[in-house]
Amino acid sequence: MTSAEGLEVRTAAGAVRGRAEDGLVVFRGIPFAEPPVGAARFQAPRPVRGWEGTREAYAFGPPPPQEPAFGDRAVALPAPTGDDWLTVNVWTPAPDPAARRPVMVWIYGGAYKLGHAGNPGYDAQHLARAGDVVVVTLNYRVGIEGFALLEGAPANRGLLDQVAALEWVRDNITAFGGDPGQVTVFGESAGAGSVASLLAMPAARGLFGRAVAQSVPGTYFTAGLARDIAVELAKEAGQAATATALSAVNPRELPSAGERLGPRMREFGDRWGQAAPTLTPFAPVVDGEVLPCTPWEALAAGAGRDVELLVGHNRDEYRLFLALGERLGKITEEQAAAALRTFAPGPDGERSYREAFPEATPTELYERVQTDWLFGIPSLRLAEAQTAGGGRAHLYELTWSAPAFGGALGACHALDVPLLFGTYDADLGALLFAGTGVPDEARALTTRFQSAWTGFARTGDPGWPEFDRVGRATQVLDVTPEVRPYPEEAARRLWEGYDFAALPLLK
């Protein structure tokens, strides 16, 4: 039910009042689950209790507890304002139950250890307006709260939060003008890894019909590896790796355990293998229950046959992390060789990479192999698995370079986020467009992104041909967009036959 002013909506838990903002009605900070504290700490999300009267939905809910920095880059977080971490936000052209607009549900990235839906980089007003769609963003638990594998707690609590938010959408979005039968989940980086996981999760089946995965990380943990990492995280907190023990630590203080472990992860290379040199000790866990298998295995077996998929990556993904660590152009031959030995596929991976890219500098080899291992090939593989399992997929690659620093960042990781949302001066957009203004090329790409993503949410067609494993049609997003066979053919050939299995505990 909507009030005469069009600002009040009744949800299953109670009435909420939003604000009219430039032709939209926006609702912020609506709880979709109980605060995960006290007896609910480290447990699956619990249904939110109802409230009397009308709740003002004017402010974003507090971010989940998380580390205050990503590498050397501080993350701006609003001051904590309580334990209602599990909230959704809704941008709608009008909360008219008869409107039945397509619904797009955004899942943020952040290496599974940080992020929140109130980030100004995820302001969905431009996307909702451009596509005449309802956009929902949500908070989910990250870091130890959401992803550490603990005794006495279900695995993948952050993913279970996302399922609970999608159930909220199913049960409530009609009142906001959305169509619960036309829901698209979309996310970037860890958000794309979450989208891929949802495709493989029995608990998420039927909650969405389309999925957009932007830069899918290839990192999933086996239970053995996740338990071993959890033991080290808990040691940093002075506790055992159990839900009971860690519940004694204040939720706002617990992320410091991850902060302390992060710089030491390489010390565990003999046990953690490829996970040790990464930027995060967190990933979805293939536990056999919440997440029965990897997304590639699930899709190849037909799990996504009834879901339409749009997936892709950026050409120069790993360059962002080199830039944030001030290592652009500074990688030594020894560092490049170590990265090739660690990440390149097969026993002759280092030699194969050097032969495939004979003119590459050490920095370029270091970046190339990690771009391919972490995001590029996993994203391509998701499209391949989807079509192998009888589903439909569309593939893209962003090749337009961020304008900051004379274009030195290239088409780096996360560039697609400000281009999609039109938030060029917020979050990473402020770095990627620093000192340049917003060129007309960027605005044209934003129009292209928004048209393709909302068109896909509406019809299942982003505006270019479907992917298949023969022609490999790929939409290249640049100043002049074009459809062509998958552009990174040299890398694709290097990784042919490689299985992105869950990362194991080595000993």
Side-chain angles (χ1 to χ4, degrees), residues 32 88 90-93 97-107 124 127-128 131-138 140 159-188 191-214 216 291-292 295-296 298-312 379 382-383 385-396 420 449-468 475:
F32 66 83
V88 293
V90 183
W91 285 258
T92 177
R100 313 287 283 194
R101 290 180 171 87
V103 181
M104 301 182 68
V105 181
W106 171 252
I107 301 176
L127 189 61
D132 192 34
V133 296
V134 176
V135 182
V136 178
T137 67
L138 61 98
Y140 63 94
L159 299 179
L160 293 175
D161 292 344
Q162 296 164 19
V163 170
L166 287 167
E167 290 173 337
W168 183 93
V169 169
R170 177 196 61 198
D171 297 340
N172 294 283
I173 206 64
T174 300
F176 293 84
D179 181 356
Q182 197 170 196
V183 173
T184 299
V185 290
F186 68 128
E188 181 267 349
S194 297
V195 167
S197 299
L198 290 168
L199 286 164
M201 289 171 61
R205 203 148 293 150
L207 293 175
F208 56 94
R210 297 185 178 112
V212 183
Q214 303 169 211
V216 180
L291 185 61
W296 302 278
L299 292 191
R305 193 174 294 134
D306 298 327
V307 178
E308 294 166 316
L309 175 65
L310 171 58
V311 59
S379 299
L382 204 68
Q386 172 73 340
T387 56
R392 297 179 60 219
H394 291 82
L395 184 67
Y396 74 88
L420 173 61
F449 263 102
Q450 293 181 345
S451 173
W453 267 232
T454 61
F456 177 76
R458 190 177 302 278
T459 68
D461 181 2
W464 63 86
E466 285 183 41
F467 176 88
D468 64 63
Q475 173 69 71

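The minimum heavy-atom distance linking Ala196 with Val216 is given by the pair CB-CG1, 4.3 Å. The minimum heavy-atom distance linking Pro295 with Ala200 is given by the pair CA-CB, 4.1 Å. When all heavy atoms of Trp91 and Ala128 are compared, the closest pair comes out as CB-CB, 4.0 Å. Across Val163 and Ala204, no two heavy atoms sit closer than the pair CG2-CB, 4.1 Å. Residues Arg305 and Gln386 approach most closely at N-OE1, 4.4 Å, considering heavy atoms.
Between Val90 and Val136 the shortest side-chain heavy-atom distance falls below 4.5 Å. In this structure, the side chains of Thr184 and Pro102 stay at 4.5 Å or more apart for every pair of heavy atoms. A heavy-atom distance below 4.5 Å is found between the side chains of Arg458 and Val133.
Side chain of Gln450 to backbone of Leu420: a donor-acceptor contact under 3.5 angstrom is found.
Note that the CZ atom of Phe449 and the OG1 atom of Thr454 stand 12.5 Å from one another [nearest 0.5 Å]. Annotation: the span from Leu166 atom CG to Leu198 atom CG amounts to 6.0 Å, rounded to 0.5 Å. Residue Phe456 holds its CZ atom at 7.0 Å from NE2 of His394, rounded to the nearest 0.5 Å. Taken from CH2 in Trp296 to CG in Leu382, the straight-line distance is 7.0 Å, to the nearest 0.5 Å. One distance of note links CD of Gln475 with CG of Leu395; it measures 10.0 Å at 0.5 Å rounding.
Ring geometry for Tyr396 versus Trp464: interplanar angle over 60°, hence perpendicular rather than tilted (30 to 60°).
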Is there a side-chain contact (heavy atoms from CB on, under 4.5 Å) between Gln182 and Val103? Walk through the geometry before answering. CA-CA 6 Å; Gln182 197 170 196; Val103 181; over 6 Å; no
Between Glu167 and Leu207, is a side-chain contact (heavy atoms from CB on, under 4.5 Å) present by the stated rule, with each step listed? CA-CA 7 Å; Glu167 290 173 337; Leu207 293 175; 3.9 Å; yes
Run Phe467 and Thr387 through side-chain contact (heavy atoms from CB on, under 4.5 Å) and show every step you take. CA-CA 8 Å; Phe467 176 88; Thr387 56; 4.0 Å; yes
Before giving the answer on side-chain contact (heavy atoms from CB on, under 4.5 Å), spell out for Trp106 and Leu138 the whole-Å C-alpha distance, their side-chain angles and the decisive distance to 0.1 Å. CA-CA 7 Å; Trp106 171 252; Leu138 61 98; over 6 Å; no
Can you list, pair by pair, the side-chain donor-acceptor contacts under 3.5 Å of residues 174-181, counting residues two or more places apart and other chains?
from, atom 1, to, atom 2, distance (Å)
Asp179, OD1, Gly181, N, 2.8

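In this structure Ala211 satisfies the side chain to side chain contact (heavy atoms under 4.5 Å, CB included) test together with Val185, Val195, Leu199, Phe208, Val307, Leu309, sequence neighbours excluded. Qualifying side-chain hydrogen bond (donor to acceptor under 3.5 Å, both in side chains) partners for Asp132, counting only residues two or more places apart in sequence or in other chains: Arg101.
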